[in-house]
Amino acid sequence: MRFWIIALVGFLGLAAPAAQAEWRTGIAALDLEPPYAIPLGGFGYGPRRAWPHQWFTRKDSVMFNPHEGVLDRLRVKVMHLETGEEGRISKLLFVGMDVVAAPVEMRDALAERLAPLGYDRSSIILSGTHTHSGPGALTRNPIWVLGATDVFHGKFYDWWLDQTVEAVKLARSRIEPAEIFSSRFNAVGLQRNRRAGDHVVDRTAHALLARSADGRWLGGMVNLPIHGISLSEKNMRFSGDTPGAIEAHTERLLASRSRQIGLESEPVILFMNGAEGDVSPNGFGIDGMERMGSGFAEQLDATWSTLSPLGGASIEVRDFEVKLGRPRIEARNCLEFDWIKPWLKAVKLGVRFWFPDSAPLTQVRLGGRRGITMMSWPGEPTSE
């Protein structure tokens with residue numbers, strides 16, 4: 001039995017003995033360049049933080065400095081998956097965004113916009129890649145506004161959702177019969193635990209890939225717990241960071257696999273992050289980011305023979321509400337000086353006003369008993 005845990009999605013299942021062409025999928029991505037001078041989200045200090053006297057001098061950014069262009073692709077990616085016949089079609093929509101986090105209310109807003117296309121809230125799985133060089137200004141949560149994303153920008157929020165809807169429509173226009181394969185492997189040399197030593201890291205990587213009836217690799221999803229912080233707070237240009245590099249190199253791998261049988265394809269990969277709250281990449285800067293991406297793709301390629309087709313095509317979705325208890329911050333975890341931590345052991349700050357005491361969790365089963373189960377989890381869980 002396999003268990004995948006990712007910040008958006010986790011998987012459980014057994015490999016199916018034979019592929020079946022009952023699945024249909026459409027996968028697409030849109031490259032985006034925001035039309036506003038939006039700040040980057042993820043780091044709230046260094047060159048990204050504006051001086052107080054600048055807070056009221058700009059229209060699109062307030063406490064943070066605006067972005068200075070695009071380093072590499074900033075994207076919204078969509079994978080539509082469906083099965084069944086007319087009148088009894090089950091569908092599921094995976095949406096990946098190059099943002100530090102997708103606000104919980106965005107899923108509801110997206111469901112409302114996509115309702116005319118036949119989607120409801122339960123059929124939409126939304127995830128941010130957790131790049132720290134994506135756009136900010138997408139949440140009203142005061143903690144994130146002050147510390148990582150800057151003031152909410154309503155027009156940009158609407159524009160971002162409009163682009164997401166366009167990406168969904170593009171994916172739907174590409175729906176075709178496909179075989180769906182899953183795989184997992186042990187990632188080597190890509191991650192480190194920045195809090196508790198390298199032994200506390202989930203190194204299991206996963207892939208869920210789609211192949212057309214004629215053999216073209218269409219794309220899919222990959223999963224690995226890793227922070228998108230190869231680029232530091234000094235970077236002022238939009239970037240998918242390490243998650244984006246993993247997507248790009250995996251797409252090249254799939255395109256090369258298609259060319260090996262004489263076919264051309266333009267695969268799209270969605271990176272779905274895992275329990276990366278305490279996990280950093282092993283490579284930094286642009287070169288390090290690219291090394292992380294190529295390393296992931298090379299290891300996936302080396303384990304290509306482990307790809308297993310899912311069983312009979314079926315989609316089951318269940319939503320849960322998980323009780324987390326009263327949220328709080330312990331003061332000793334916020335300081336670097338070990339000598340003072342014992343004195344602050346009892347100092348705790350309640351943050352229920354900003355954080356909920358429960359969280360939604362979605363369980364998705366693909367392929368029935370011999371398929372995989374994917375578990376969503378909001379926020380930034382840790383490997384430890």
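Given the structure is predicted, the values throughout are model-derived calculations rather than measurements. No hydrogens, no waters, no symmetry mates; every other heavy atom, side chains included, goes into these values.
For the residue pair Thr83 / Ser90, no side-chain donor-acceptor distance below 3.5 Å is found, with atom types taken as modelled. Side-chain polar atoms of Ser383 and Asp202 form no donor-acceptor pair below 3.5 angstrom. Donor-acceptor pairing under 3.5 Å is recorded for the side chains of Ser239 and Asp72. For the residue pair Arg184 / Thr204, no side-chain donor-acceptor distance below 3.5 Å is found, with atom types taken as modelled. A donor and an acceptor atom, one from each side chain of Asp120 and Ser122, are nowhere located under 3.5 Å apart.
Between Pro360 and Phe320, every side-chain heavy-atom pair lies at or beyond the 4.5 Å cut-off. At least one side-chain heavy atom of Pro281 sits less than 4.5 Å from a side-chain heavy atom of His227. Residues Pro225 and Val201 have side chains not in contact (no heavy-atom distance under 4.5 Å, counting atoms from C-beta outward). Annotation: side chain of Phe238 is not in contact with side chain of Leu71 (no heavy-atom distance under 4.5 Å). Within the 4.5 Å cutoff, side-chain heavy atoms of Thr373 are placed close to those of Gln363. Looking only at side-chain heavy atoms (C-beta outward), Leu126 and Met106 come within less than 4.5 Å of each other. Using a 4.5 Å heavy-atom cutoff, the side chains of Val279 and Arg192 are not in contact. Taking the side chain as every heavy atom from C-beta outward, Leu209 and Leu307 approach each other to under 4.5 Å.
Taking the six-membered ring for Trp and the full ring otherwise, Phe181 and Trp304 have centroids separated by 6.0 Å or more. Centroid-to-centroid, the aromatic rings of Phe271 and Phe296 stay 6.0 Å apart or farther.
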Q: Output, in order, the C-alpha distance, side-chain angles, deciding distance and verdict of salt bridge (charged side-chain N to carboxylate O under 4.0 Å, His left out) for Glu176 and Arg216.
A: CA-CA 11 Å; Glu176 61 181 294; Arg216 290 172 292 114; 2.9 Å; yes
Q: Under the salt bridge (charged side-chain N to carboxylate O under 4.0 Å, His left out) rule, what do Glu233 and Arg48 come out as? Steps first, then yes or no, please.
A: CA-CA 7 Å; Glu233 74 281 358; Arg48 298 195 182 180; over 6 Å; no
Q. How far apart are the C-alpha atoms of Lys155 and Asp60, what are their side-chain angles, what is the distance that settles it, and do they pass the salt bridge (charged side-chain N to carboxylate O under 4.0 Å, His left out) test?
A. CA-CA 10 Å; Lys155 285 187 177 181; Asp60 299 317; over 6 Å; no
Q. Salt bridge (charged side-chain N to carboxylate O under 4.0 Å, His left out) between Arg237 and Glu68: does it pass, once the steps are laid out?
A. CA-CA 5 Å; Arg237 292 183 288 174; Glu68 298 176 359; over 6 Å; no
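Here the straight-line distance linking atom CG of Leu117 with atom NE2 of His80 works out to 10.0 Å at 0.5 Å rounding.
Pro103 and Ala101 get closest at one heavy-atom pair: CD-O, 3.5 Å. Between Leu110 and Val95 the shortest heavy-atom distance is CD2-CG2, 4.3 Å. Residue Met289 comes nearest to Ala245 through the heavy atom pair O-CB, 3.4 Å, listed as atom of the first residue, atom of the second, then distance.
Within a 6.0 Å sphere centred on CG of Asp287, heavy atoms belonging to other residues, nucleotides or ligands number 12 at most. Around CD of Gln299, the count of heavy atoms belonging to other residues, nucleotides or ligands within 6.0 Å exceeds 12.
Aromatic ring pairs are classed by plane angle as parallel below 30°, tilted from 30° to 60° and perpendicular above 60°; the pair Tyr36 and Phe156 is perpendicular.
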